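Just so we're clear, the structure is a prediction, and the values are computed from it rather than from any experiment.
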Amino acid sequence: MCERSWRRGLDFEAVSQAMLRDLRGTRSQVAFSRRLKYKSNVAYLWESGRRWPTAVVTLAAAERVGRPVREHLRRFLNTEPSWLHDDAPMAELVPRVLQHLKGKTPIQPLARRTGLSRFAISRWLKGVGEPRLPEFLQLI
């Protein structure tokens, strides 16, 4: 199966929902939302696909429930970039991960392969905008 058909067959929203359910664990949706300091039941909205958290919010939620995000990124990237060692906030971490994964690949081919807007990808790489979780997963 070629890369393009594989990517088209992968449902990034379903993967996002599964990730969010896994982060919640055995907690109720309400308890998970409260743990993340939301007054509404945001976990229901995320898990039902009515709304999506940004990648930054998702990584911060993972940290909040005790998942060592930087350690997981180290294993995912299979390297120890210097920027991963500092205590930069999650808002700076996401663009750094995306820039690292992008390498020297131009934005246009990334946009073509993923079906995402080249303008959105450019904003995410600069840290000006934030990708929602399904878009983040699609890009990586």
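Remark: side-chain polar atoms of S122 are not paired, donor with acceptor, to backbone N or O of R118 under 3.5 angstrom. Without hydrogens or angle criteria, E135 side chain to R132 main chain gives a donor-acceptor distance under 3.5 Å. For R64 (side chain) and R35 (main-chain N/O), a donor-acceptor pair under 3.5 Å exists by modelled atom type. Not a single donor-acceptor pair under 3.5 Å links the side chain of E47 to the backbone N or O of Q17. No donor-acceptor pair closer than 3.5 Å links the side chain of T114 to the backbone N or O of Q138.
Between V42 and S33, the closest heavy-atom pair is N-OG, 3.1 Å.
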| Audit row: Q99, W124, side chain to side chain contact (heavy atoms under 4.5 Å, CB included) steps and yes/no | CA-CA 9 Å; Q99 290 164 4; W124 300 335; over 6 Å; no
| task | Given side chain to side chain contact (heavy atoms under 4.5 Å, CB included), test L139 with F12 step by step and report yes or no. | result | CA-CA 10 Å; L139 192 54; F12 292 99; over 6 Å; no
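There is no path of hydrophobic side-chain contacts, each under 4.5 Å, that joins L45 to F32. Using a 4.5 Å cut-off between side-chain heavy atoms of Ile, Leu, Val, Met, Phe, Trp and Tyr, with links allowed through other members, I121 and F119 fall into different hydrophobic clusters. Hydrophobic clustering, with ILVMFWY side chains joined whenever heavy atoms are under 4.5 angstrom apart, keeps V57 apart from Y44.
Within a 6.0 Å radius of CZ in R50, other residues, nucleotides and ligands contribute 12 heavy atoms or fewer. Other residues, nucleotides and ligands contribute only 12 or fewer heavy atoms inside 6.0 Å of the CZ atom of R51.
Between L73 and L93 there is a side-chain heavy-atom pair separated by less than 4.5 Å. Taking the side chain as every heavy atom from C-beta outward, T79 and H100 approach each other to under 4.5 Å. Looking only at side-chain heavy atoms (C-beta outward), L137 and S16 come within less than 4.5 Å of each other. Side-chain contact check for V65 versus R27: some heavy-atom pair is nearer than 4.5 Å. Side-chain contact between L101 and F76: present, with at least one pair of heavy atoms (C-beta onward) separated by less than 4.5 Å.
Between R67 and D22, at least one side-chain N (NZ, or NE/NH1/NH2) sits under 4.0 Å from a carboxylate O, which counts as a salt bridge.
Atom CG of residue L77 and atom CG of residue L84 lie 6.5 Å apart, to the nearest 0.5 angstrom.
Remark: aromatic rings of W46 and Y38 are close, center separation under 6.0 Å.
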